[in-house]
Amino acid sequence: MNKKLFVVSGSSGVGKGTVLKAFLSKNPDFMLSISCTTRSPREGEVDGVNYFFMTKDDFKDCIDKDKFLEWAEFAGNFYGTKRKFINKCLEEGKDIILEIDTQGALQVKTQMPEAVLIFICPPSLEDLEKRLRGRHTEDEETIRKRLNIVKEEIDRAKNFDYKIVNDDLQRAVSELEEIIAGEQG
Ligand code: 5GP
């Protein structure tokens with residue numbers, strides 16, 4: 001049985017990880033796709049669980065051999081989803097969600113038009129800017145860079161199937177559940 005592919009994207013700082021975590025704990029039949037990345041593991045991240053960590057050379061080799069369904073460069077590192085991994089999950093009838101950036105999401109849609117793209121956005125750009133500034137963790141230049149990426153992502157999200165405003169976690173999770181249930185028919 002072939003299943004639908006759900007792709008969730010959202011700007012960093014918008015809380016998409018929290019929304020997905022809450023969704024997955026309520027819907028254990030769904031699995032999150034495991035991506036490949038060239039970035040170093042963060043503390044506590046495990047190879048083959050959080051990501052498949054690989055070198056830039058190995059990643060480029062996979063690009064050359066057309067092994068990725070989609071890939072993108074994000075903040076100086078490469079991220080990609082292996083075609084074989086997704087096809088195997090779909091053939092096995094697994095409900096699968098990809099949590100990837102907007103560039104990758106649009107590549108997936110081109111290759112698999114039946115994929116459902118969902119964008120999680122902040123209540124407003126002002127709200128996100130306030131949150132970024134309130135953290136006091138980035139300098140002015142970094143904040144501006146991040147806000148520019150956010151604007152680009154919101155622009156790309158115009159081509160997504162659904163948008164969820166994350167102003168309230170429970171509401172955002174319920175909306176995600178409704179969208180997915182509706183698409184599954
Ligand atoms: P992080 O380094 O914080 O884990 O992820 C950085 C960004 O890369 C996030 O926006 C995340 O959604 C995105 N990302 C993770 N895996 C993939 C992937 O396989 N493909 C693409 N295009 N983006 C990914």
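Note that ligands are numbered from 1 as they come in the structure, with each ligand's atoms numbered from 1 the same way. Just so it is clear, the values below take in all heavy atoms, side chains as well, and ignore hydrogens, waters and symmetry mates.
Here the side chain of E70 pairs a donor or acceptor atom with the backbone of T81 at under 3.5 angstrom. A donor-acceptor pair is defined here as one N or O able to donate and one able to accept, closer than 3.5 Å; no such pair exists between the side chain of N166 and the backbone of I120. Looking at D167, its side chain never comes within 3.5 Å of a backbone N or O of P123 through a donor-acceptor pair. E99 places no side-chain N or O within 3.5 Å of a backbone atom of S33 that could act as its donor or acceptor partner.
If you number the atoms of ligand 1 from 1 as listed, the ones under 4.0 Å from a heavy atom of R42 come out as 1 (P), 2 (O), 3 (O), 4 (O). Within ligand 1, counting atoms from 1 as listed, the ones closer than 4.0 Å to a heavy atom of R39 are 1 (P), 2 (O), 4 (O). Counting the atoms of ligand 1 from 1 in the order shown, those under 4.0 Å from a heavy atom of A72 are 22 (N). Every atom of ligand 1 with a heavy atom of T81 under 4.0 Å away is listed here by number and element: 19 (O).
Protein heavy atom closest to atom 9 (C) of ligand 1, with residue, atom name and distance, is K16 NZ, 3.7 Å. The shortest contact between atom 16 (N) of ligand 1 and any protein heavy atom is with S35 OG, 3.1 Å. Among protein heavy atoms, the minimum distance from atom 2 (O) of ligand 1 is reached at Y79 OH, 2.5 Å.
For Q107, the heavy-atom gap to ligand 1 stays at 4.0 angstrom or more. Ligand 1 is approached by E70 to a heavy-atom distance shorter than 4.0 Å.
For atom 15 (C) of ligand 1, the nearest non-hydrogen atom from the set F85, F74, Y51, F68 comes from Y51.
Both the backbone and the side chain of E99 come within 4.0 Å of ligand 1, counting heavy atoms alone. Contact annotation for K82 and ligand 1: no heavy atom of the residue comes within less than 4.0 Å of the ligand.
Annotation: salt bridge (charged side-chain N to carboxylate O under 4.0 Å, His left out) contacts involving residues 20-36, sequence neighbours excluded, comprise K26-E177.
Taking the six-membered ring wherever Trp is involved, the centroid distance between the rings of Y162 and F119 does not fall below 6.0 Å. Ring to ring, W71 and Y79 are not that close: their centroids are 6.0 angstrom or more apart.
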**Report entry** Residue pair K60, D64: steps toward the salt bridge (Lys or Arg N to Asp or Glu O under 4.0 Å) verdict
**Finding:** CA-CA 6 Å; K60 283 180 182 151; D64 291 343; over 6 Å; no
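Taking any N or O of D101, backbone or side chain, at least one lies under 3.5 Å from an N or O belonging to ligand 1. Taking any N or O of G80, backbone or side chain, at least one lies under 3.5 Å from an N or O belonging to ligand 1.
Screening V8, I97, N50 for a side-chain contact (heavy atoms from CB on, under 4.5 Å) involving L32 leaves a single residue, I97.
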